[in-house]
Structure formats: structure tokens, C-alpha cells
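A note on names: the letters A, B, ... follow the listed sequences, proteins ahead of strands, and every chain is numbered from 1. Remember, it's a predicted structure, so these values are computed and weren't measured experimentally.
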Amino acid sequence: MTKLLRTAQAGTVESTDILITVAPAEDGTGVRIELSTPTLAQYGEHIKSLIAKTLSSYGIEDAVVNANDKGALDYTIEARVTTAVARATR
Amino acid sequence: MQQERLRRAMMFMPGNNPAMLQNAGIYGADTVIFDLEDAVAISEKDAARHLVASAIRRLKYPCEVAVRINHIQTPYGLEDLKAVLPAQPDLIRLPKAENARDIRDVDEIIAAAEKAHGFAPGSIKMMAAIETAKGLLQAYDIATASPRMVALAIGGEDFVADLKTTRSKEGTELFAARSHLLLAARAAGINAIDTVFSNVNDEETFIAETKLIKQMGFDGKSVINPRQVRLVQEIFTPTEKEIRQAERIIAAYKDALEHNSGVIALDGKMIDTPIVIRAERVLAYAAAVRR
């Protein structure tokens with residue numbers, strides 16, 4: 001299990017990017033994701049589950065995530081979450 | 001004859017820009033180079049290397065995929081390699097190469113990554129950019145420092161700054177460097193790639209420069225804009241006339257071999273071995289372009 005030590009951000013609000021903010025959360029509270037995206041109806045659940053899966057691959061079990069999506073593809077979402085986690089854990 | 005990979009237009013793409021990374025494959029470049037060096041702000045080096053690694057892992061590109069890492073002696077170079085090698089790029093481009101030791105160091109790191117991730121040994125290639133007088137004087141040693149090396153490139157802007165001059169339309173200041181780099185690359189049996197031309201609106205000078213470096217013997221050019229890709233490829237692609245002439249030379253040569261003729265002539269000109277080799281190269285190149 002990995003713990004987030006501080007709030008950190010990665011990405012931008014430019015087209016096809018996503019701005020990810022991750023913050024530490026109390027133990028046992030799980031991952032809470034607040035998402036804004038122009039494609040909420042079609043891809044909202046997919047984006048949230050991709051963020052959760054990426055966090056879980058780094059051993060993050062508790063976090064508060066804010067995601068401001070501008071139409072990012074999966075590879076960008078994974079990369080921005082990876083960078084945010086790296087910045088929040090170092 | 002060995003079929004070489006074409007590297008006519010090697011196009012730089014900024015490494016921290018999702019829109020550009022995901023569209024990089026559509027412009028027809030022979031190689032795309034995802035840049036982690038000059039195109040990325042210091043504060044975003046980590047984000048760029050994660051994004052580039054993710055793009056290589058997740059997206060399909062119809063061309064060779066290279067990554068320009070930061071210099072291995074900076075705090076970023078090693079981190080770049082650590083992030084991108086597991087995604088198995090085709091090629092790592094090193095900036096500001098000045099000695100064979102840097103090449104060997106990177107070679108060892110790549111070899112370890114290939115082993116750790118189960119990639120075929122030697123599958124990840126390397127190229128190096130020469131950007132200083134010191135590097136130029138070591139060009140052959142750099143070119144031969146690792147069997148992974150497939151190309152030497154010249155980084156013109158930094159190089160002329162190091163020479164204490166500026167770039168001109170004629171390229172006089174780069175003449176010695178281009179010549180020396182080409183000799184080193186040819187002696188080592190690898191590609192020679194020319195520098196970028198940064199004024200994308202000056203097509204006339206770009207075309208003149210590309211014709212010049214092709215005539216010198218270069219294999220291709222680094223480019224920074226999709227518009228330049230087509231221009232470079234047009235100049236490097238043999239014309240129908242050149243292809244027809246090459247076919248005639250090969251036919252005359254074969255005919256002479258069959259009839260045991262000692263001297264071959266075509267249209268009143270003697271055909272000897274270098275001319276036959278050149279004709280074979282034109283046909284091989286034309287075949288590679290069609291693929």
C-alpha cells in the first residue's frame with residue numbers, strides 16, 4: 001500500500017488533455033473521484049474506473065481525486081495519474 | 001543488397017503535448033521523435049516522460065518511434081530512460097554527444113532494460129546528435145561506440161553557437177561539420193541526418209538546404225513541422241527518370257555479363273562498377289519508398 005503525502009497535480013486544461021489533482025484521504029475512506037468532462041454521459045464511468053485502476057496499480061487505496069477532462073484518451077489519463085501520484089508521494 | 005530503413009524525414013514532436021503525440025503518425029514521417037529535452041520545461045520533465053511512455057505503449061504508430069532523452073549527464077537523462085525503455089521505443093536519440101563513453105553508458109542501460117523486460121537483445125537502437133566542436137572531433141568514435149548506433153545527426157543551432165557564428169541561408173558555417181559528420185557516419189556504416197531548419201515559413205531556403213544535404217550524401221533531415229516532411233521526402237525520392245535510367249544500366253550490365261563483354265557502354269558512356277552500385281542503390285531506394 002502506498003500513501004499520498006501531499007496534494008499534487010498533473011496535466012493541463014488544453015484540448016485532449018486532463019488535469020488530475022490527487023490529495024491524501026483518511027485510511028479506509030477509499031478513492032473518491034470528482035470528474036468534470038464534456039463526455040460525462042458516454043465516458044464518465046470509463047474515465048473514473050481508469051483513474052481508480054491506475055491508482056490501484058500504484059497501491060493507492062485512499063485518495064481524493066479531482067479530474068478536469070478535456071477529451072483525453074486513455075493513454076493521457078493513465079500518464080497524468082501516474083505523474084500526479086509520483087509528485088504526491090515523493 | 002541490404003534493405004536499409006529509410007530515415008528521410010525524422011520529425012520532432014514535443015513530449016508533453018497529448019494532441020501532438022496522438023496525431024504524430026498521420027503526417028507520413030519516416031521517424032517520429034518524441035522530445036523530452038528542449039521542447040519540455042524543467043518543471044514538466046516527469047510528466048512528459050510518463051506521457052511519452054504511455055503513448056508508445058498504448059498507441060500504434062505506422063513509423064519508427066524515437067525518443068530524444070535529456071543528456072545522460074543531466075539529472076533527467078537517467079529518469080527518462082527508466083520511464084521510456086519499458087515501453088520499448090524503436091530508437092533513443094541522445095543530444096549533445098561528445099564522447100564514446102556516454103554512448104556506451106546508455107547502451108548498457110538499454111541492454112539491462114531489454115533483459116529485464118524480455119525484449120530481444122539489440123532491438124532498441126540508438127542515434128546521437130553532434131552539437132559541439134568537441135563532439136564533432138569524436139564523431140567516428142561516437143558512431144562506432146555501440147552496435148546499436150544507427151545514425152549520427154547534426155544539431156545545427158547549438159553547433160554554430162559553439163563555433164561562435166550564426167546560421168546563414170547558404171549554410172557556409174555548417175560546411176565543415178556536415179562534411180566531417182558524413183564521413184564519420186559513412187565510415188561507421190550508419191545514417192547521416194541533417195539538422196532542423198527552424199523557419200517553417202521559408203520553404204524556398206528549406207528546399208535549397210535539403211537539396212544541398214542530399215547531394216552531399218546525407219540520408220535525411222530532422223524536421224520540426226509536418227509541412228517539411230513531404231518536402232524532404234519529395235527531394236529524397238528518386239524520380240521516374242532516375243529509376244528508368246538505373247534499370248537500363250542494370251540491364252546493360254547483366255547483358256554484358258551474359259555475353260562476357262569486357263567493357264560496357266550505355267548511350268556512349270562507360271558503365272563501371274561504381275555506376276552499377278549507384279544504380280542498384282537507386283532501385284533499392286525506390287523499392288523501399290514503395291513499401
Checklist entry - For B:Phe159, what residues pass the ring-ring contact (aromatic ring centres under 6.0 Å, His included) criterion, not counting sequence neighbours? => result none
Item to check | Enclosure of A:Glu26 CD (heavy-atom neighbours >12, cutoff 6.0 Å) | outcome: no
Item to check | Crowding at CD, B:Glu234 (>12 non-hydrogen neighbours, <6.0 Å) | outcome: yes
Next on the checklist: Using heavy-atom distances under 4.5 Å, tell me whether A:Ala86 contacts chain B through its side chain, its backbone, both, or neither.
Outcome noted: side chain
Checklist entry - Can you name the residues of residues 43-73 of chain B that have some heavy atom under 4.5 Å away from a heavy atom in chain A? => result B:Ser43, B:Glu44, B:Asp46, B:Ala47, B:His50, B:Leu51, B:Ser54, B:Ala55, B:Arg58, B:Leu59
Item to check | Neighbourhood of chain A inside residues 21-29 of chain B, taking heavy atoms under 4.5 Å as contact | outcome: B:Leu21, B:Gln22
Checklist outcome for this item: In terms of heavy-atom contacts, A:Thr16 and B:Pro18 come closest through O-CB, 3.5 Å
Checklist outcome for this item: CG (B:Asn17) and OG1 (A:Thr12) are apart, to the nearest 0.5 Å, by 8.0 Å
List the atom pairs, with distances to 0.1 Å, where a side-chain N or O of residues 125-132 of chain B and a protein N or O form a donor-acceptor pair under 3.5 Å, not counting sequence neighbours.
residue, atom, partner, partner atom, Å
B:Lys125, NZ, B:Gly122, O, 3.0
B:Glu131, OE2, B:Lys96, N, 2.8
B:Thr132, OG1, B:Glu98, OE2, 2.6
B:Thr132, OG1, B:Gly135, N, 3.0

